[in-house]
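Every chain is numbered from 1 and lettered A, B, ... according to where its sequence line falls, protein lines coming before strand lines. Keep in mind that this is a model prediction, so the values were computed, not measured.
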Amino acid sequence: MARHLITSAIPYINGIKHLGNLVGSQLPADLYARYLRGRGHEVLFLCATDEHGTPAELAAAKAGKPVADYCAEMHVVQAKIAEGFRLSFDHFGRSSSDRNKALTQHFAGRLAENDLIREVSEKQMYSHADGRYLPDRYIEGTCPNCGFDSARGDQCDNCTKQLDPVDLINPHSTISGSTDLEMRETKHLYLRQTAMKDQLDTWIDSKTDWPVLTTSIAKKWLRDGDGLQDRGITRDLDWGVPVKKGDADWPGMEGKVFYVWFDAPIEYIACAQEWVDAGKGADWERWWRTDKGAEDVTYTQFMGKDNVPFHTLSFPSTILGSGEPWKLVDYIKSFNYLNYDGGQFSTSRGRGVFMDQALEILPADYWRWWLLSHAPESSDSEFTWDNFQQSVNKDLADVLGNFVSRITKFCRSKFGEVVPEAGAYGDKEQAVIAALTERLRAYEGFMDAIEVRKAAGELRAIWVIGNEYLQDAAPWSTFKTDEATAAAQVRFGLNLIGLYAVLSAPFIPDAAATMLAAMKMDNAGWPEDIAAALNALPAGHAFEVPENLFRKISDEEREEWQTRFAGVRT
RNA sequence: GGCGGUGUAGCUCAGUUGGUUAGAGCAGAGGAAUCAUAAUCCUUGUGUCCGGGGUUCGAGUCCCUGCACCGCCA
């Protein structure tokens, strides 16, 4: 039994995520966690909400709530949706927790001691009306180059000239509209990633088994142009982790907070502490401290490609730069983007399906299956309602659902709702066992390698074997001449349901649970031996014919949803 | 504008370090079966692998170039 630490990129607190976000991190992480647990490994699967930064403050202001209240409410909302999708986090934490504050300050202190932080003085626009410094993109004015009247502080969208906020004519805050702005001198902390470059480079180079997507992005940031740059890790905001050196004040940094991208990944660690605080675990250090039991932990991170630089460079800089024995990530699984019907998902335009809406129209398993079997692993991929309808109807309803239905109903009509006892398995059954064993091995191989789409394909092929068997054995024909053999065939078919439940659980946990419940079985654990697994249900064992596992999506529904989620025209 | 990605059967996608007649699922066509959610199973793919050059005994796979779409940067 091995020990696996798994984290999913933590979703930002502002709003509900769309299906592309889900399939890029949380969902495949959950698949992997469920698979490893299923195989008997010890797993700690963590996720959290990422709560700091300007967008959270603005969203709270828009909602008319104090930012802390807003975040607390949204955390509950996101936790409920995650539960709805059956994301099996051992703990769903918050980056605004006291634990993360203390840990973030601790890391900053260690980095300072190791001379990896430098102070930089820069100029930034302060808005008196808003009572805050404004990030460049929250300042608009007239472009000095082309006269466009809504040029942003960083660039003019009209002539594309790159700008400084001071260049703008009549600059104003996009938050309040106020023109009462003042350029002020302010001091910030920079993480000296340049000093870590060689160490990071060597480390990334050693990861030859990582997805190309992960290493190519990391190498690009490390080597392209001027190479890896030092990164500002503080901001002039109210909402965030106050800048401190461990427990001590940081002279000159009063009133500032750490940048959200500095404290967010540290939450992976703090989340394990929160897990213990919540009474769900006893010892977080054996997962995170290599001097305290974590040396044999395999740590896997899941994320969309936009998060790769922070996980391959920034966070490792924090970990390595601390000089302390923290667990470093072993494998980073990254995903491309999922597009929606020929374009991008768009929060602002309401284009595409968001997590709450998805659960309103169909149960989690439907989405889990489609998303995972079409995960954007090697390139961006595409969600279309047509494809969704076809895949779900065919794979889930016809291939798996109908298999369960036909064998249980046939048994009920001929033998009653108990496993029939006559007859014995013969050549046909042995051949199926051999085929399943081979497929299972391939399935395990793809799951171990986190090849999500290929694993899904293999699982589907395993389901198909059941239908092939029934077609070939044809117990409905056998029954007419040889009742005992038909009984054995039915017994074999019923046992396949139990096997399928266990193997399918990582993808479609609810249906798997329904299958086990119908067969009145406990999850016997991962099948080490297919032949044994297919003798698990003894003769005379009672079962129930379950309701249909999956319903089909009608053409009318498909059309309705297509229209409903197309988004407002702009 | 700069950077990056993609372009393989009607659709969604596989194609390892260049090597035999380019693959899977779905859709389509034909057949079998009738236990089942009109559900299953079998058979069936003559595709200028975006175009044009080039390297090579040999390129979907490498190089150059053109086109198209997409994303990122701000």
Side-chain angles (χ1 to χ4, degrees), chain A residues 20 135-137 151-165 208 212-213 216-217 219-221 223-225 304-306 308-309 336-346 369-371 373-415 442 446 449 451-461 463-480 486 489-490 493-494 497 545-554:
Chain A
D136 290 353
R137 63 195 164 119
R152 292 188 315 189
D154 45 15
Q155 186 190 30
C156 174
D157 281 335
N158 187 51
C159 69
T160 75
K161 185 179 169 59
Q162 294 194 20
L163 303 170
D164 254 323
T208 52
V212 178
L213 183 65
S216 67
I217 292 173
K219 286 176 184 172
K220 180 175 171 336
W221 281 60
R223 298 165 192 175
D224 270 16
K305 61 183 168 186
D306 50 330
V308 169
N336 285 286
Y337 292 142
L338 179 69
N339 287 320
Y340 180 81
D341 207 8
Q344 291 177 293
F345 280 84
S346 168
W369 174 253
W370 190 89
L371 290 168
S373 61
H374 293 77
E377 290 179 296
S378 59
S379 65
D380 291 357
S381 67
E382 179 96 357
F383 175 92
T384 64
W385 285 103
D386 233 41
N387 188 297
F388 178 68
Q389 180 195 23
Q390 284 182 358
S391 297
V392 165
N393 288 357
K394 186 74 181 175
D395 298 347
L396 296 182
D398 295 348
V399 174
L400 177 62
N402 184 51
F403 170 76
V404 172
S405 185
R406 66 196 294 207
I407 187 66
T408 51
K409 285 179 180 170
F410 180 74
C411 181
R412 181 174 60 186
S413 73
K414 302 299 180 195
F415 302 98
F446 288 134
E451 293 261 17
V452 178
R453 293 177 84 124
K454 289 179 178 172
E458 215 53 46
L459 178 59
R460 187 187 187 284
W463 297 338
V464 166
I465 287 176
N467 283 313
E468 284 173 347
Y469 169 74
L470 287 187
Q471 206 65 31
D472 182 41
W476 49 89
S477 299
T478 315
F479 186 79
K480 293 169 189 165
Q489 291 169 341
V490 168
L494 292 171
I497 296 175
V545 174
E547 293 295 306
N548 282 349
L549 252 39
F550 302 98
R551 71 178 187 82
K552 295 204 195 190
I553 297 167
S554 69

Look for any protein N or O under 3.5 Å of an N or O in nucleotides 22-33 of chain B and output each such pair with its distance, or none.
| unit_1 | atom_1 | unit_2 | atom_2 | d |
| --- | --- | --- | --- | --- |
| B:C26 | O2' | A:Gln390 | OE1 | 2.9 |

Would you say a side-chain N or O of A:Lys409 is under 4.0 Å from OP1 or OP2 of B:U37? yes

Closest heavy-atom pair, A:Glu377 versus A:Asn336, reported as atoms and distance to 0.1 Å, is O-ND2, 3.2 Å

Taking B:U8 as the reference, what is the distance to B:G54 when you measure between their P atoms (whole Å, please)? 24 Å

According to the Watson-Crick and G-U wobble definitions, with both distances under 3.5 Å, which nucleotide is paired to B:G1? B:C73

With C1' as the reference atom in both, quote the distance from B:G45 to B:C13 in angstrom, rounded to an integer. 16 Å

Whole-Å gap separating C1' (B:C42) and CD (A:Glu468): 9 Å

Going by the angle between their ring planes, with limits at 30° and 60°, are A:Tyr340 and A:Phe345 parallel, tilted or perpendicular? tilted

Pairwise C1' distance for B:U44 and B:C62, with rounding to whole Å: 36 Å

Looking at every strand, decide which applies to A:Lys414 at a 4.0 Å heavy-atom threshold: base, sugar-phosphate, or nothing. nothing

State which residues pass side-chain contact (heavy atoms from CB on, under 4.5 Å) with A:Ser405; sequence neighbours excluded, sorted by chain then number. A:Asn402, A:Lys409, A:Asn548

All heavy atoms of A:Phe403 vs all of A:Leu470, minimum pair found to be CE1-CD1, 3.6 Å

For A:Ile407, which contact category applies under a 4.0 Å heavy-atom criterion: base, sugar-phosphate, or nothing? nothing

Separation between the P atoms of B:C50 and B:U61, rounded to whole Å: 8 Å

Determine the contact category for A:Phe550: base if any of its heavy atoms lies under 4.0 Å from a base atom, sugar-phosphate if only primed atoms, P, OP1 or OP2 are that close, otherwise nothing. base

Round to the nearest Å and state the distance from A:Arg406 atom CZ to B:U40 atom C1'. 5 Å

Among the nucleotides B:C42, B:U37, B:A39, which one has an atom lying closest to any side-chain atom of A:Asn402? B:A39

Could you check whether A:Val464 gets within reach of a base, just the sugar-phosphate, or nothing at all, counting any heavy atom under 4.0 Å? sugar-phosphate

Side chain to side chain contact (heavy atoms under 4.5 Å, CB included) between A:Ile407 and A:Leu494, intermediate numbers included: CA-CA 7 Å; A:Ile407 187 66; A:Leu494 292 171; 4.3 Å; yes

Show the nearest heavy-atom pair for residues A:Gln489 and A:Pro475, with the distance to one decimal. OE1-CA, 3.2 Å

Please report, rounded to the nearest Å, how far the P atom of B:G71 is from the OH atom of A:Tyr340. 16 Å

Which part of the nucleic acid, if any, lies within contact of A:Arg453, taking any heavy atom under 4.0 Å across all strands shown: a base, the sugar-phosphate backbone alone, or nothing? sugar-phosphate

NA contact type, A:Asn467, heavy-atom cut-off 4.0 Å: base, sugar-phosphate, or nothing? sugar-phosphate

Whole-angstrom distance between B:G60 and B:G51, as gauged at atom P: 11 Å

With rounding to whole Å, what would you report as the distance between B:A22 and B:G15 at their C1' atoms? 8 Å

So A:Phe410 and A:Phe479, would you call those rings parallel, tilted or perpendicular, with 30° and 60° as cut-offs? perpendicular

Looking at B:U43, which nucleotide sits across from it as a Watson-Crick or G-U wobble partner, both distances under 3.5 angstrom, or is there none? B:A29

What nucleic acid atoms does A:Ser381 come within less than 4.0 Å of, heavy atoms only: base, sugar-phosphate, or nothing? sugar-phosphate

If you measure from the P atom in B:G58 to the same atom in B:U43, how many Å do you get, rounded? 37 Å

Is it the case that the side chains of A:Trp370 and A:Asn387 hold a donor-acceptor pair, with the cut-off being a distance below 3.5 Å and no angle test? yes

Using Watson-Crick geometry (N1-N3 plus N6-O4 or O6-N4) or G-U wobble (N1-O2, O6-N3), each under 3.5 Å, B:C49 is paired with none

Between B:A36 (P) and A:Arg551 (CZ): distance, integer Å: 23 Å

For a quick test of reading the model, state the closest non-hydrogen atom pair linking A:Phe550 to A:Leu396 and the distance between them. CD1-O, 3.2 Å

Using atom P of each nucleotide, how far apart are B:G18 and B:A59 to the nearest Å? 13 Å

